[in-house]
Structure formats: structure tokens, C-alpha cells
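Down below is the structure, laid out as C-alpha cells.
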Amino acid sequence: MRSTTAAVDPSFLGSATSFSAARGHKFPVTNLPAVKFVGKRLTVAGATPPSSFGRRALIYIGTASFLMPSPNFASATDENALLQDEIGKVLSKGRAAGLLRLVFHDAGTFDDGDKTGGMNGSIIYELDRPENRGLEKSLKILEKAKVQVDAVQPVSWADLIAMAGAEAVSICGGPKIPVQLGRLDATVPDPVGKLPEETLAAAAMKQVFQKKGFSTQELVALSGAHTLGTKGFGSPTVFDNSYYKILLEKPWSASGGMSDMIGLPSDRSLGEDDECIKWISKYADDQNLFFEDFKNVYVKLVNSGAKWRSM
């Protein structure tokens, strides 16, 4: 199991005095460096970084706050409330699909065999990968919330992304999803080639998800997240069971029009698989069942591969 503990370049931390002086106090906003995206990198204003600043800055942002002593660390309830409040300030229904996709691409790298990947914030190192194209926009949105939360108490990217996805589902009318906090961030990218490809047939999709510890039923429930966004499964900003109803209708079978643009090839393949169609039919008939199963499998997803801080 690879370690998630990172050594932070001393040039980022300033003098030892600045850390000692802060012992026993919460860090005021004015003492925190401003964190900004520049292209696909994060920068920290006021620091004197070395030439290889991009990668080291990410490690600093993700881990340095956890090195800062915080005896006044809030209760779990306060911590959740703080995170939900700041996410709520940057979240909108139009941004929900992108934030939920961010969750899947961070957590979806988990491999149950070698225990690599998972919900660990490594997505911040993986933005240049073709499958992650466009996700820097969602990270920029969450970066604003992270700066505000870090001013009160440290939060990992993994926790922030996991909570943001749950809030995205909720704001669009989906189930309320409880998210446990305390994940640690990775300091290196996850192995490549761990996310399922969009062109996979149902049999291959089931194999990929099985290697991640998910059953066919859980695969079908997670796929219902595609009801959000522009894939053509109902309203792009409403989380409901339209995904399953449309899979049963198979509008892409009709000739002409834009119906052949609905969904991904992997979505369509689920509707051709006998084992998957059983669950597709159940969720199409019973939205409450879908909501309950999605809630449970979302929690499993964002806990997959997570390393937890000591309490």
C-alpha cells in the first residue's frame, strides 16, 4: 500500500517561528497564502517557490495544512456544516454534473486487487490525462471553497470533492447523502488506465467494476448519475430516474434525428445485458429505490481506497 504522507519543501513553509507562533490558535485568513489556478496548475501567492513549483505547490496545498497544529479542531458536525456551507456558495445546478464527474474520476481509479487509487484527491495531478479533459473547471470552482475552509480548519481535496458530489446530487433533487470526513490526500497521481472506457460493452464494464469491488447492481445504480449533464437523459439539472426510463425506451434505435447522440456506448450496452436490465427496470419503476441504492453505493465509492487521518 503506497504511503499518502508527503515531505513538504521547507521553502514553502516559511520560518519555524511562524508555525510556533500559531500554535494554539486558528489560522486567520490573512496568514494563509492565496491559492489560485494558473492554466492547469495551482499557485500560492507570497511564497518563493523553486523552478519546479507546479507539482510541489499542489503537494503543499494538499498537505501543509495538515502539518499545522490545530487544538481547536471543530467537531465532526461543525466540520461538515462548514464544508457544506462553503460548497453551497460556489455550487449551482448548472455546475452539478461537472462536480459529480470529478468524484467519479478521482474515486474511480480504485483497484481492489492491489489497493491502489480511490478517493484520495490525486485528480489534481491527473488533469492532463485525456479522460479528465475539462475537470480543471470543476476544480477551480472547488478551489474557492477550499481556501475559505482552510482558513478555519484544514480540509483535504478528497474530502472536499466527496462532499461536493453529494451536495451536487442533493441540490438537483436527489437523495441526501452522508459523507464521512477525514480522508488524506495522495501526493502522487494514481496509476493510468484505471477508469472504465466509455466504449466498453456491458460484460467488460461488469468486469471492470468487479475489480473495484462493485456488483452489477451497484454498477447500474452508479450509472444513474448520468441523468445529470448533457448526455440526453432527461433534464441536465434534475437528478431523477429518467436515465433508466430512457434506457428502456432505447430512442437511439430510431433512425434519423439526434436520438443516436443520447448516452455513451457503455450506457446503451447496459440495456442489452440481461443482468443489468433487471436493475434498470426496477429503478425505472421505483425512483425511491434508485435513490436509496445510489446513496449507499455513493458512500461506498467515496470511501474506496481512502486513507484516513488519525482522530
Could I get the full list of salt bridge (charged side-chain N to carboxylate O under 4.0 Å, His left out) partners for [X], not counting sequence neighbours?
X: D273; answer: K206
X: E249; answer: none
X: K278; answer: none

Please check this pair: side chain of [X] against backbone of [Y], looking for a donor-acceptor N/O pair closer than 3.5 Å.
X: Q287; Y: N241; value: yes
X: S269; Y: A202; value: yes
X: R183; Y: A162; value: no
X: N296; Y: E292; value: yes
X: S242; Y: G234; value: no
X: Q217; Y: W279; value: no

Going by side-chain contact (heavy atoms from CB on, under 4.5 Å), name the residues that satisfy it together with [X], two or more places apart in sequence or in a different chain.
X: D286; result: N288, L289
X: E197; result: T199, L200
X: D111; result: D114, T116, K194
X: K250; result: W252, S253, E272

Paired with E218, the side-chain contact (heavy atoms from CB on, under 4.5 Å) test is passed by just one of K212, K300, Q210, namely K300

[X] side chain near [Y] side chain, heavy-atom distance below 4.5 Å:
X: L228; Y: F233; answer: no
X: S304; Y: F214; answer: yes
X: P175; Y: F239; answer: yes

Interatomic distance, CZ@F294 vs OG1@T227, rounded to 0.5 Å, equals 10.0 Å

Taking only residues at least two apart or on different chains, which pairs with a member in [range] satisfy salt bridge (charged side-chain N to carboxylate O under 4.0 Å, His left out)?
range: residues 80-92; answer: D85-K89, E86-K89
range: residues 228-237; answer: none
range: residues 162-178; answer: none

Sequence neighbours excluded, the answer for side chain to side chain donor-acceptor pair (under 3.5 Å) partners of K245 is none

Exercise for review: Using a strict 4.0 Å threshold on nitrogen-to-oxygen distance, state whether D112 and K115 make a salt bridge.
Suggested key: yes

Modelled atom types, side-chain donor and acceptor of [X] and [Y], under 3.5 Å:
X: N120; Y: D185; answer: no
X: D293; Y: Y283; answer: yes
X: D267; Y: Y243; answer: yes

Of all heavy-atom pairs linking L142 and L160, the shortest is O-CD2, 3.5 Å

Could you tabulate the donor-acceptor pairs under 3.5 Å formed by side-chain atoms of residues 95-102, not counting sequence neighbours?
{"unit_1": "R95", "atom_1": "NH1", "unit_2": "V90", "atom_2": "O", "d": "2.6"}
{"unit_1": "R101", "atom_1": "NH1", "unit_2": "R133", "atom_2": "O", "d": "3.1"}
{"unit_1": "R101", "atom_1": "NH2", "unit_2": "E131", "atom_2": "O", "d": "3.0"}
{"unit_1": "R101", "atom_1": "NH2", "unit_2": "R133", "atom_2": "O", "d": "3.1"}

Margin query: Walk me through whether Y298 and F104 qualify under ring-ring contact (aromatic ring centres under 6.0 Å, His included).
Written below: CA-CA 9 Å; Y298 182 91; F104 278 70; 7.2 Å; no

